[in-house]
Amino acid sequence: MSVLVLGIETSCDETGVALVEDGRRVRSNVLADQQTLHARYGGVVPEVASRAHVDLLHPAVEQACALGGVRLGDVDAIAVTLGPGLAGSLLVGVAAAKAYALALDRPLVGVNHLVAHVYANVLEHGPLPLPALVFVVSGGHTSLLVMDERGGFRMLGQTIDDAAGEAYDKVARVLGLGYPGGPVIDELARTGDPAAVRFPRALLEDGSDDFSLSGLKTAVARHVRTAGPAVHPADVAASFQEAVVDVQVSKVLGAAKREGLDTVLLAGGVAANSRLRARLGEAADGLGVRVLVPSPALCTDNGAMVACAGSFALERGERTPLDARADPNLQIVPGVGRRAPRHPKRRSRGGGG
Ligand code: KG4
Ligand code: ZN
């Protein structure tokens, strides 16, 4: 008998709803994109995001059912992102998921957003070859972890300041490229020279598994200011991206080697970056390490990854009580993590997954 899970994702500015069968087969994956709403502010405005989730969520559920060719009553369980993310946004998804669970009399399973990003690999590649090294790079996180055979996590390192996606978004803003910055920089960098400007590579050789991107971001801003009208945006984009990717590739493969792991699971919105995918893949090949990464559309926030992670949690017997609360600071490994900033307003993505 197949198991059909409804996945709800509202941790930041994407209203994602999906139906996934048996943790693997995507019946439908609806994304109600809020980017045009936030673009004029140059970043996600939390109040605008949560209000939009309220408007968009139920229609997205109806659309997911229609596209999947099922009735809501056919759903066997509801999976929802409990955190981390923006408090108001999470709240909308969690409240709705509880209402569906109650009305349909189906189990509820709360999912960690970063874990859901990792499970997007299952949708793409099938059962995960575990243990594996996990690298989650998103708008709110840069985390290097080991995932064990039972799906548990051990944190190796993370960013000590800006997350990867946050840095892309901030640099894009400095270059006047709009929001979200990652895809635009990725595209623009194709026409630039990655060796044009030598930007700093923080913590590259310190032997740690931690990351730091605020110095790089400041160096780019300084360069753009100094260059003035002579600035070459494509060269700056390519040089910035190269500095980010150099450190990422070196740290990820260094950790894989040290931990004796021959599989890397890449995940999160920044895993859509073409340069990171290409360079990590090439470098890993030379070392006999396999890199698995979801297709770009499954790297960025979506409901299917939540449904998938929820399916696995259900199979392990996990259930979330109806009085569970959204947790903006939910940790992937309890006690180890970066807390959401205290003043989330007008930042690019921070605090999100
Ligand atoms: O995982 P995600 O969709 O949302 C969060 O959980 O935060 O990640 C969004 C982040 C944004 O900062 C966006 O600029 C970045 O992922 N991103 C990219 C690319 N596509 C999205 N960064 C670099 N290159 C890309 N192609
Ligand atoms: Zn995310």
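Start at 1 and go down the list; that is how both ligands and their atoms are numbered. The residues of the chain are indexed from 1 along the displayed sequence.
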Exercise. Does D169 use its side chain to pair, donor to acceptor, with the backbone of G181 at less than 3.5 Å?
Worked result: yes
For this session: Check whether any N, O or S atom of H113 sits under 2.8 Å from the Zn ion (ligand 2).
Result: yes
Problem set entry | V333 and R154, any side-chain heavy atoms less than 4.5 Å apart | no
Exercise. Do T300 and ligand 1 have an N or O pair less than 3.5 Å apart?
Worked result: no
Exercise. Which of the numbered atoms in ligand 1 are below 4.0 angstrom from a heavy atom of H113?
Worked result: 6 (O)
Exercise. Is any N, O or S atom of C12 under 2.8 Å away from the Zn ion (ligand 2)?
Worked result: no
Exercise. For ligand 1, which atoms, with element, lie under 4.0 Å from some heavy atom of G139?
Worked result: 5 (C), 7 (O), 8 (O), 9 (C), 10 (C), 12 (O)
Problem set entry | Degrees at the Zn ion (ligand 2) between the NE2 atom of H117 and the OD1 atom of D301, nearest 10° | 100°
Exercise. If you group Ile, Leu, Val, Met, Phe, Trp and Tyr by side-chain heavy-atom gaps below 4.5 Å, do F211 and V146 land in one group?
Worked result: yes
Problem set entry | Contacting atoms of ligand 1, where contact means under 4.0 angstrom from a heavy atom of G140 | 7 (O)
Seminar exercise, completed: Numbered in order shown, the ligand 1 atoms found under 4.0 Å of a heavy atom of G165 are 12 (O)
Exercise. Charged N to carboxylate O under 4.0 angstrom, D210 versus K251?
Worked result: no
Problem set entry | Proximity winner for atom 21 (C) of ligand 1, if only heavy atoms of P84, G269, G182 are counted | G269
For this session: Examine distances only and state if a side-chain atom of S239 and a backbone atom of V236 form a donor-acceptor pair shorter than 3.5 Å.
Result: no
For this session: Return yes if some donor-acceptor pair links the side-chain N/O of T142 with the main-chain N/O of A164 below 3.5 Å, else return no.
Result: yes
Problem set entry | Pick from V137, T81, D169, V44: the one approaching atom 13 (C) of ligand 1 most closely through a non-hydrogen atom | D169
Exercise. At under 4.0 Å between heavy atoms, which part of D301 makes contact with ligand 1: side chain, backbone, both or neither?
Worked result: both
Exercise. What are the atoms of ligand 1, with element, lying closer than 4.0 Å to any heavy atom of A272?
Worked result: 20 (N), 26 (N)
Exercise. Hey, is D161 close enough to K217 for a salt bridge, meaning N to O under 4.0 Å?
Worked result: no
Exercise. Judging by distance only, is a nitrogen or oxygen of S274 under 3.5 angstrom from one on ligand 1?
Worked result: no
For this session: Find all atoms of ligand 1 within a distance of less than 4.0 Å from any non-hydrogen atom belonging to H117, and give their numbers and elements.
Result: 1 (O), 6 (O)
Exercise. Salt bridge or not for E166 and K170, using N-O below 4.0 Å?
Worked result: yes
Problem set entry | Validation row: V252, V291 side chains within 4.5 angstrom (heavy atoms) | no
Problem set entry | Polar side chain donor-acceptor pair, E9 to S11, under 3.5 angstrom | yes
Seminar exercise, completed: Logged contact type for E14 with ligand 1, heavy-atom cut-off 4.0 Å, is neither
